Number of protein chains: 2
Amino acid sequence: MAGKLTKLVDIRRRELRQAAFEVLQREGMAGATLEKVAAHAGASKGIVLHYFRNKQELFEQAMREANANLRDAVAERLRQAKTPRGRIAAVVEGNFDPRFYQPEIAHAWLALCAEVPREPQLARIQAVIHARMHSNLMSALRELMPAEAARRTALLISGLIDGLWLRHGLQSGGVPREEALTLMYDFIDRRLPADQPGDGVHDQSAEP
Amino acid sequence: MAGKLTKLVDIRRRELRQAAFEVLQREGMAGATLEKVAAHAGASKGIVLHYFRNKQELFEQAMREANANLRDAVAERLRQAKTPRGRIAAVVEGNFDPRFYQPEIAHAWLALCAEVPREPQLARIQAVIHARMHSNLMSALRELMPAEAARRTALLISGLIDGLWLRHGLQSGGVPREEALTLMYDFIDRRLPADQPGDGVHDQSAEP
DNA sequence: TCAAAGATTGACCAATGGGACAATTCTTGA
DNA sequence: TCAAGAATTGTCCCATTGGTCAATCTTTGA
């Protein structure tokens with residue numbers, strides 16, 4: 001590790017973002033009061049507003065961090081992928097990383113997404129998420145099919161991912177990770193040309 | 001029309017449910033205050049609590065009504081469908097009925113769904129919605145493919161519908177109705193046996 | 001060593017919102 | 001016609017919450 005030690009500001013900010021996200025899971029946006037966030041982080045309310053201008057900024061940062069987690073989960077896998085198929089698998093597997101694909105986390109995302117129509121800051125993050133996923137998918141699909149077909153396939157894949165996440169957040173109809181991946185590949189394998197189902201490209205097995 | 005005239009209670013209840021849903025679109029759950037709902041309906045706050053026990057019940061009823069709208073949109077089309085394919089088309093078209101498939105309405109659904117984890121009443125409605133859609137799809141798909149394939153296809157279709165709705169509620173990545181239907185049938189036609197794409201089964205044209 | 005900068009707390013404030021209620025107006029049926 | 005019941009309003013109350021601030025305690029660098 002090169003450079004200085006982590007500054008206290010960064011430690012506190014991280015702790016509070018994390019606390020905010022966790023309270024959000026249980027309480028929703030309205031119920032996630034500054035006092036509860038502070039308590040959950042083991043601090044006083046004042047400290048929260050010492051490190052964040054206001055409630056909006058706190059939860060904006062919380063969303064940023066959650067997004068970064070998902071982004072990294074995909075990026076790791078993308079780095080090891082060699083074929084276009086592998087890159088698609090990377091996007092899918094990353095979005096269903098068992099560390100993040102959990103009902104409680106989906107609850108928090110749901111709470112955040114519900115604020116998007118009224119919080120331009122959150123809307124921007126959401127836009128980035130969509131754009132990134134679309135771009136990742138397109139870069140792989142363009143090599144496998146004509147432009148228009150690629151675009152549609154990308155929309156279908158990302159729409160499906162969103163739908164499965166949404167359902168995972170609502171109690172009923174939520175499918176566990178294993179089945180979600182089965183469904184995704186059931187769909188994908190039929191759409192990609194020169195089907196080689198079971199070619200070992202998509203690895204549903206253990207995580208590092 | 002047989003029977004008595006509509007009772008005032010029912011009129012008021014309906015007006016207030018509708019007002020609640022419309023305020024929800026703009027303001028989200030926390031912002032949808034009883035006073036705003038009352039004002040939007042042209043009444044005073046007191047009247048809202050005269051017809052509904054409390055805020056929870058009001059929005060539970062609002063969700064019930066929105067659900068009934070969607071249910072009817074599907075049911076109408078289902079009544080005219082003759083083939084299994086037609087029944088699937090009915091479910092799809094109903095869920096993208098242009099009267100309801102609108103960003104503002106998706107905003108309200110998003111706000112409602114975000115409360116599901118903490119409101120058992122809302123969770124129950126959500127469960128009914130999922131169960132109904134799954135059942136409708138299965139009844140058609142069972143005739144077209146083996147049980148397990150039918151189950152997966154049903155999950156994929158309903159997941160896709162949810163995903164497209166979700167995206168329609170978030171500003172970015174939302175696809176308009178026409179394209180949503182194109183995507184849905186692009187997906188469905190490839191999965192159903194004995195493909196007859198363009199057999200006129202799915203009607204994307206005008207509403208009655 | 002010690003003073004300045006930063007961290008942390010708790011008290012305080014103004015605004016807001018859900019809900020209870022008494023008072024008033026309107027309907028209606030005998 | 002008129003009294004009982006329903007509809008409607010406005011007021012009041014209390015709890016909660018985001019945010020401010022002055023007062024302490026800690027750290028640190030010169």
Side-chain angles (χ1 to χ4, degrees), chain A residues 3-63 111-112 114-115 118-122, chain B residues 3-63 111-112 114-115 118-122:
Chain A
K4 324 178 58 173
L5 289 106
T6 323
K7 282 198 279 286
L8 182 56
V9 195
D10 298 320
I11 297 176
R12 286 286 172 278
R13 288 235 171 90
R14 167 185 298 275
E15 289 171 342
L16 292 172
R17 278 191 310 249
Q18 184 61 30
F21 193 81
E22 284 171 14
V23 173
L24 204 56
Q25 298 176 14
R26 291 192 268 96
E27 311 276 5
M29 185 57 79
T33 156
L34 292 182
E35 200 123 2
K36 283 183 194 158
V37 171
H40 189 259
S44 71
K45 184 174 67 164
I47 215 63
V48 178
L49 291 128
H50 179 66
Y51 287 103
F52 297 89
R53 240 192 306 281
N54 50 35
K55 191 181 178 180
Q56 292 175 14
E57 191 184 292
L58 171 63
F59 285 98
E60 178 195 324
Q61 302 283 351
M63 190 181 188
L112 258 359
E115 296 303 311
R118 285 166 301 283
E119 298 275 355
Q121 296 297 334
L122 301 189
Chain B
K4 323 178 57 172
L5 290 117
T6 322
K7 282 199 281 285
L8 182 55
V9 195
D10 298 321
I11 298 178
R12 286 287 172 276
R13 288 235 171 90
R14 167 186 296 275
E15 288 170 343
L16 291 172
R17 280 191 308 249
Q18 182 61 31
F21 194 80
E22 284 171 16
V23 173
L24 204 55
Q25 299 177 12
R26 291 191 268 97
E27 312 276 4
M29 185 56 78
T33 154
L34 292 182
E35 200 125 1
K36 283 183 194 157
V37 171
H40 188 259
S44 71
K45 184 175 64 165
I47 215 63
V48 178
L49 290 125
H50 179 66
Y51 287 104
F52 297 90
R53 240 192 307 281
N54 50 34
K55 191 181 177 178
Q56 292 175 15
E57 190 183 292
L58 171 63
F59 284 99
E60 178 196 325
Q61 301 284 349
M63 189 180 188
L112 258 359
E115 297 302 312
R118 285 166 302 283
E119 298 275 354
Q121 295 298 333
L122 301 190

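The structure presented is a predicted model; accordingly, all values stated were derived computationally and were not measured. Each chain gets a letter, A, B and so on, in the order the sequences are listed, and its residues count up from 1. Hydrogens, waters and symmetry mates are skipped; everything else that's a heavy atom, side chains included, is used.
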(Q) Does any part of the side chain of A/K36, heavy atoms only, come nearer than 4.5 Å to the side chain of A/E27, both counted from C-beta? (A) yes
Q. So do the side chains of B/E60 and B/F52 get within less than 4.5 Å of each other, counting heavy atoms only?
A. no
Q. For the atom pair CZ (B/R14) and CZ (B/R12), what is the distance rounded to the nearest 0.5 Å?
A. 13.0 Å
Q) What's the spacing between B/E115 CD and B/L122 CG if we round to 0.5 Å? A) 7.5 Å
Q | Between C/dG19 (P) and B/Q56 (CD): distance, integer Å | A | 7 Å
**Q.** Rounded interatomic separation in angstrom, taking CZ from B/R53 and P from C/dG18
**A.** 17 Å
Q: Figure out the CG/P separation between B/L49 and D/dC12, and round it to whole Å.
A: 18 Å
Q: Calculate the interatomic distance between A/K7 atom NZ and C/dA7 atom P; express it in whole Å.
A: 11 Å
**Q.** Straight-line distance of A/M29 CE to A/K55 NZ, nearest 0.5 Å
**A.** 6.5 Å
Q: To the nearest Å, give me how far apart CZ (B/F52) and P (D/dT8) are.
A: 13 Å
Q) With side chains defined as the heavy atoms from C-beta onward, is the minimum distance between B/E57 and B/Q61 less than 4.5 Å? A) yes
Measure all distances between protein nitrogen or oxygen atoms and nitrogen or oxygen atoms of nucleotides 8-17 of chain C, and list the pairs falling under 3.5 Å.
unit_1, atom_1, unit_2, atom_2, d
C/dT8, OP1, A/R12, NE, 3.0
C/dT8, OP1, A/R12, NH2, 2.9
C/dT8, OP2, A/R12, NE, 3.2
C/dT8, OP2, A/Y51, OH, 3.0
C/dT9, OP2, A/S44, N, 3.2
C/dT9, OP2, A/S44, OG, 3.1

